[in-house]
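A quick write-up on the structure given underneath.
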Amino acid sequence: MERYEPLKIEEKWQKIWEETSAFKAEELKNRPKMMLAEMFPYPSGAGLHVGHVRNFTIVDVLTRFYHQQGLNVLRPFGYDTFGLPAENYAIKTGTAPQEVTKTNIANFRKQAKRLGYAIDWSREINTSDPEYYRWTQWCFLQLYKKGLAYQKESYQWWCPVDQTVLANEQVENGKCWRCGHEVEKKKMKQWFFKITEYADELLDEIDSLEWPEKIKTMQKNWIGRSVGAEIDFMITNSRKIKVFTTRPDTILGATFLVVAPEYPELESLVNDDTREEVLAYKAAALKKSEIERQENKEKTGVFTGSYAINPATKAKIPIYVADYVLAGYGTGAIMAVPAMDDRDREFAEKFNLPIVETELVDRDLYGTPKVTYRMRDWLISRQRYWGCPIPIAYDKEGNPHPIPEDQLPVLIPEVDDYKPDNSGRSALAKAKDWLKVTINGEEMTRETDTLDGYACSSWYLWRYASPHDNKAAWDPEAIKYWEPVDYYCGGDHAVAHLLYVRFWCKFFADEGYLPFREPIKRLLYNGYINAPDGKKMSKSKGNVIDPLDVINDGYGADTLRTYEMFIGPYDQDAAWDTRSVGGVYRFLNRCWNLVFAKPSPEDKNIVIRNKTIKKVTSDIHRYNFNTAVAALMEYVNELYKTGATNEDLVILAKLLKPFAPHLASEMLERLNATDEWPTWDDKYLIADTVEIIVQVNGKLRAKISVVPEDLEDESKILSLALTNDKITKYTENGIKKSIFVKKAKLLNLVV
RNA sequence: GCCCGAGUGGCGGAAUUGGUAUACGCGUUCGACUUAAAAUCGAAUGGUGAAAACCAUAUGGGUUCAAGUCCCAUCUCGGGCACCA
C-alpha cells in the first residue's frame with residue numbers, strides 16, 4: 001500500500017491544471033453558464049491568511065461542484081491593488097508602489113495556485129494596471145458627462161502640521177495618524193459621485209436580492225429614507241429658514257429653531273451682541289472630533305440673536321445654533337418640538353426654553369412633502385499618490401474639463417518623493433511636467449486628486465467578462481452571456497462596496513452599457529476565522545496561523561481546504577483549532593487508504609451511498625459545507641465497517657472533489673473514473689426494515705422494527721406497540737388515544 | 001439608546017416542515033498491534049444512578065398528543081447604527 005503523501009499528489013495535479021489551462025472559460029452559447037467570484041483581495045506583503053482561504057475555498061467548492069455538474073463555469077481572479085499600505089511603504093522606503101505591488105501579486109498568485117483553486121488564470125486583473133485604470137477613468141467620465149460626478153465645497157479633516165486632508169479612518173481619537181497633532185475641519189472643494197440620485201431604486205430593489213437579510217437591513221439603514229416635509233419659518237418679510245421634519249403635524253409645539261454650526265447662512269443670523277460668541281461656538285464645534293461628539297452628548301449651543309415666526313402659532317421663536325443638528329442632513333436646520341422630541345427637550349431644559357404640549361395638525365398644512373435620505377453623496381477625492389488619477393484638467397479660470405477619452409489613460413507619473421506636498425495636494429503635484437496638458441489647443445493643469453479605491457472595485461466584476469478588451473471597458477456580448485454574477489462571496493464591505501457596485505450597475509444600465517440592473521444575484525457573506533484563543537488574529541498578539549505553514553507542515557492544501565469548510569457554518573465566525581486539522585487529515589488519509597483495501601465482494605452500501613449523494617448535493621446547494629463534509633465522514637466510517645466496492649469509492653472521490661480536489665483527482669485516476677457529479681435514485685433510499693419510534697406521552701419508550709409496507713398499516717403498528725413488553729407496563733389501564741405520524745415513523749400513545 | 005442575530009456535552013458544532021436531542025469532528029478512557037512509543041485499527045463517552053429510571057438545548061411561564069424548534073417575559077453574548085429631527 002502506498003502512503004498518503006499530499007504534497008506529492010498536490011504538486012502533480014497543480015502542474016496538470018496549469019499545463020492544460022484546465023479552468024479556462026469560453027462563451028458557449030448553447031450551454032448554461034455559471035459565474036462565481038470572491039471579493040478580490042488586496043495583495044498585502046504578508047500573503048494569504050486563513051480568512052482568504054475560507055473565502056476563496058467557498059467559491060472553489062461551488063466552482064468545482066458546478067463544473068462537475070456540467071455547467072459552463074467562469075471563476076476569475078484579480079487584485080485590488082491601490083491603497084494605503086503600498087503608499088505608506090513608498091513614503092517610508094522610497095520604493096515605487098508599482099514595484100511592491102508587482103512582488104505582492106506574484107506571491108498571492110503563487111499561493112492561490114498552491115491551494116489548487118479552479119481559477120481561469122487567463123482573466124487575472126489588477127486595478128493599478130494602466131490597461132485597467134484606463135477604463136476606471138472612462139467610467140468616471142461617463143458619470144461626469146451625466147452630472148453624476150461633480151465638485152462641491154465640503155468640510156474635510158485637515159491636519160495643520162502635515163498640511164493634508166485626512167480620510168475618516170486616518171483620524172485616530174481626534175488626532176492625525178501620522179504626526180499625532182489634533183485635526184480640524186476645513187472647507188475644501190472635493191469630487192463626489194451622486195449616489196443619492198439612485199437612493200430610491202437602491203432601496204426598492206434590495207428586497208428582490210438573494211442576499212443575507214443582515215446585509216439587506218444594513219443597506220436599508222444606510223440609505224435611511226425618511227418621509228417628512230420642508231417648512232419655511234419667516235425671519236423678516238423677505239428672509240426665511242427652511243427646516244426639514246418628519247413630524248410636520250407637531251408644528252404647534254415648535255418653540256425654537258436650531259441650525260447646525262456649518263449652516264451656510266449662520267453669519268446672517270447674528271448681531272453685534274452675539275457675533276463673537278456664535279463664531280467662537282462654530283469654530284469650537286468644527287474642531288470637535290467625531291469621537292468627542294460621540295462621547296459627549298451633553299447639549300451645547302448658543303442663541304444667534306435672531307427670531308423666526310412659527311407659521312402655525314404666529315409666535316416669535318428664537319433661533320439657536322447647536323452641534324446636535326447635523327449640517328449634512330435635511331436642510332441643516334430643524335424646528336425644535338421639546339414636548340415630542342427627547343433631544344429638543346434636553347436642549348430646552350438646559351436653556352430654559354418653553355416646552356408646549358401640542359395638539360396634532362394636518363401634516364400638509366404648513367409645509368411641502370419632502371423625502372430625505374441619511375445616505376450622502378459619495379466623496380471620491382483622495383489626496384494620495386497611489387490611486388487612479390481623476391481624468392480632469394483645469395483651465396486658467398479654474399474651470400474643470402474632462403480629459404478626452406482618446407487621451408486615456410491618464411498615467412500615474414513617476415516621482416521621487418511620495419509624500420503629499422505642503423498645499424495638501426497629493427504627490428502627483430510634484431510631477432511638474434505631467435501637470436501640464438493641452439486640451440483642444442488650450443493649456444491646462446491636471447487634477448492631482450486620485451479616486452477612492454472603491455471606484456476601482458465598482459466595476460471589476462464586468463471587466464472579468466473581457467479582461468483584455470482594449471476597445472471598451474467590457475464587451476457587451478460577453479457581459480450578456482456571463483453576467484450578472486451568480487455567486488459573490490466575501491466577508492466585508494456590507495454597505496460600501498456592495499452598495500457602490502449596485503449604484504454603478506444602475507447607472508450603466510441607464511446608459512445602455514449593461515443589460516441588467518443588479519450586478520450580483522446571490523451573495524454569500526462568510527464569517528471570520530479567529531485565533532485558537534477566540535481573539536482576532538494579529539501580528540502583535542502573535543496568534544496568527546499562516547495557511548502556507550499548515551500546508552507545508554505536511555497536511556497539504558486538501559486538508560486545509562476541507563478543514564476550513566468543516567470548521568462550522570460558513571457565515572459564522574469560527575476559532576481555529578489546530579487539533580481538529582489533524583482530524584480532517586485523518587479523514588482524508590482514510591479515504592486514500594480505502595483505494596488500496598481489498599474490494600468488497602458484495603454491494604452492501606447502496607442505501608448509504610445514495611443517501612450520501614443526496615445529502616452532499618443538497619448541502620452544497622444550501623451552502624452547508626460543514627455538514628456535507630460530515631456526511632462524507634459518516635460514509636467513510638461505514639465503508640470501513642462493511643467494506644467498499646469500486647462503485648463506493650468512485651462515488652466517494654466524486655463527492656470529495658470540490659473540497660479536496662487533488663486527492664479526489666488522484667483517486668479517480670486510479671479508479672479509472674470521470675469526475676461527473678453522481679445522481680441518486682430515491683428508490684434506493686428505502687431500507688429493508690424501518691424503525692418505528694414508540695412514545696408514551698411524548699417520551700421514547702421503545703423502537704419496533706417493521707417492513708416498509710407496514711407503514712401503511714397503522715392498526716398493525718398499534719397492535720405491535722401495545723404488545724411490546726417495554727410498552728405494556730405503561731398501558732395497563734388502556735390508552736386515551738394514539739397518534740401515528742408516517743413521515744416521522746413515530747407512534748405516540750397517550751395514557 | 002435603537003435595529004438585527006445567537007445562547008445545545010469538556011470543546012467546535014448537528015437536528016430541511018413541531019416528531020428518536022447531542023450527527024460529524026476534537027478531547028478523554030479502554031483495548032488490539034508493538035520490545036516500546038508514534039501512527040493505525042476497534043470500542044466507550046450529556047449528567048445522576050448498581051439498575052429501573054429520572055434530569056438536561058440560557059432562565060421563567062405558555063400553546064400542543066409532542067417544543068432546541070412556535071408564543072410571552074427576563075438574562076447573557078455577538079454584530080450593525082448611533083444626536084439623521
Side-chain angles (χ1 to χ4, degrees), chain A residues 3 212-222 224-226 228 243-248 250 254 258 290 293-294 296-299 322-337 340-344 346-347 372-376 494-495 527-528 532 534 563 566-569 571-584 586-587 589-590 593 615 618-619 622 624 626-637 640-641 691-703 729 735-751:
Chain A
R3 273 189 53 202
E213 286 305 318
K214 189 176 96 179
I215 308 301
K216 296 209 264 189
T217 306
M218 281 169 74
Q219 293 212 344
K220 284 179 191 169
N221 294 341
W222 184 265
R225 185 183 143 102
S226 294
V243 305
F244 173 75
T245 179
T246 53
R247 295 297 305 274
T250 65
V258 187
E290 303 263 317
R293 282 204 190 190
Q294 272 169 31
N296 188 6
K297 288 191 179 171
E298 171 104 8
K299 296 286 173 289
D323 68 1
Y324 83 93
V325 172
L326 306 176
Y329 185 75
T331 61
I334 63 153
M335 64 174 205
V337 185
M340 297 295 289
D341 185 284
D342 292 341
R343 296 154 301 182
D344 295 345
E346 206 187 308
F347 192 84
T372 308
Y373 301 90
R374 176 179 293 232
M375 181 170 69
R376 314 289 153 85
V495 285
Y528 291 113
Y563 169 66
F566 185 61
I567 194 167
D571 57 350
Q572 282 175 30
D573 290 355
W576 188 267
D577 180 5
T578 303
R579 287 188 297 205
S580 289
V581 178
V584 171
R586 274 192 283 281
F587 160 64
N589 207 358
R590 278 158 74 81
N593 287 341
K615 172 84 175 146
S618 67
D619 276 355
R622 293 182 302 144
N624 291 351
N626 55 330
T627 53
V629 175
L632 288 170
M633 288 172 166
E634 271 186 86
Y635 179 52
V636 167
N637 290 345
Y640 265 72
K641 281 189 196 124
E691 201 173 58
I692 304 285
I693 303 304
V694 185
Q695 297 179 332
V696 178
N697 288 344
K699 282 189 176 163
L700 173 67
R701 295 300 177 189
K703 294 176 184 180
K729 61 182 167 182
I735 58 167
K736 284 188 191 136
K737 66 170 170 174
S738 70
I739 295 119
F740 179 65
V741 188
K742 194 168 87 181
K743 208 168 60 182
K745 295 173 218 145
L746 175 144
L747 177 71
N748 191 14
L749 303 171
V750 186
V751 298

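Proteins get letters first, then strands, A, B, ... in listed order; numbering begins at 1 in each.
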**Request:** With sequence neighbours left out, write down each residue that passes side chain to side chain contact (heavy atoms under 4.5 Å, CB included) with A:T246, or none if nothing qualifies.
**Result:** A:S226, A:F244
**Request:** Measure from the side chain of A:L326, starting at C-beta and using heavy atoms only, and say which of B:G42, B:A85, B:C65 lies closest.
**Result:** B:A85
**Message:** Side chain of A:F566, heavy atoms from C-beta onward: which of B:G13, B:C26, B:G12 has the nearest atom to it?
**Reply:** B:G12
**Message:** Can you tell me the base-pairing partner of B:U57? Count Watson-Crick or G-U wobble geometry only, both distances below 3.5 Å, and say none if there is no partner.
**Reply:** none
**Request:** Would you classify A:I567 as touching base, sugar-phosphate or nothing, given that sugar-phosphate means primed atoms plus P, OP1 and OP2, and contacts are heavy atoms under 4.0 Å?
**Result:** sugar-phosphate
**Message:** If I pick the C1' atom on B:G46 and the same atom on B:A14, what distance separates them, to the nearest angstrom?
**Reply:** 15 Å
**First of A:D341 and A:N593 reached from the 5' end of RNA chain B, by closest nucleotide** = A:N593
**Message:** Side chain of A:S226, heavy atoms from C-beta onward: which of B:G19, B:A85, B:G25 has the nearest atom to it?
**Reply:** B:A85
**Request:** Apply side chain to side chain contact (heavy atoms under 4.5 Å, CB included) to A:D571 and list each qualifying residue two or more places apart in sequence or on a separate chain.
**Result:** A:P569
**Asked** Of the nucleotides B:G13, B:G19, B:G12, which has the atom closest to the A:P569 side chain?
**Response** B:G13
**Message:** Counting only Watson-Crick pairs (N1-N3 plus N6-O4 or O6-N4) and G-U wobbles (N1-O2, O6-N3), all under 3.5 Å, who is the partner of B:C2?
**Reply:** B:G80
**Message:** Tell me which nucleotide, if any, is Watson-Crick or G-U wobble paired with B:C30 when both distances must be under 3.5 Å.
**Reply:** B:G42
**A:R622 (side chain) and B:U16 (base): donor-acceptor pair under 3.5 Å** = yes
**Message:** Side chain of A:K299, heavy atoms from C-beta onward: which of B:C83, B:A85, B:G42 has the nearest atom to it?
**Reply:** B:C83
**Distance-only donor-acceptor test, A:K703 side-chain atoms vs B:U20 base atoms, 3.5 Å** = yes
**Request:** Take atom P in B:C72 and the same atom in B:G5, then report the distance between them in whole Å.
**Result:** 13 Å
**Item:** Validation row: A:K615, A:T627 side chains within 4.5 angstrom (heavy atoms)
**Value:** yes
**Request:** Write down the distance separating the P atoms in B:U63 and B:G78, rounded off to the nearest Å.
**Result:** 35 Å
**Prompt:** B:A85 pairs with which nucleotide, Watson-Crick or G-U wobble, both distances below 3.5 Å?
**Reply:** none
**Request:** Look at the side chain of A:A630 and decide which nucleotide, out of B:C24, B:A53, B:U20, has an atom nearest to it.
**Result:** B:C24
**Request:** Please state the P separation for the pair B:U74 and B:A23 - nearest whole angstrom.
**Result:** 35 Å
**Message:** Heavy atoms from C-beta onward define the side chain here; which of B:C83, B:G13, B:G25 lies closest to that of A:M633?
**Reply:** B:G25
**Request:** Output the single nucleotide from B:A14, B:U17, B:G25 whose closest atom is nearest the side chain of A:K743.
**Result:** B:U17
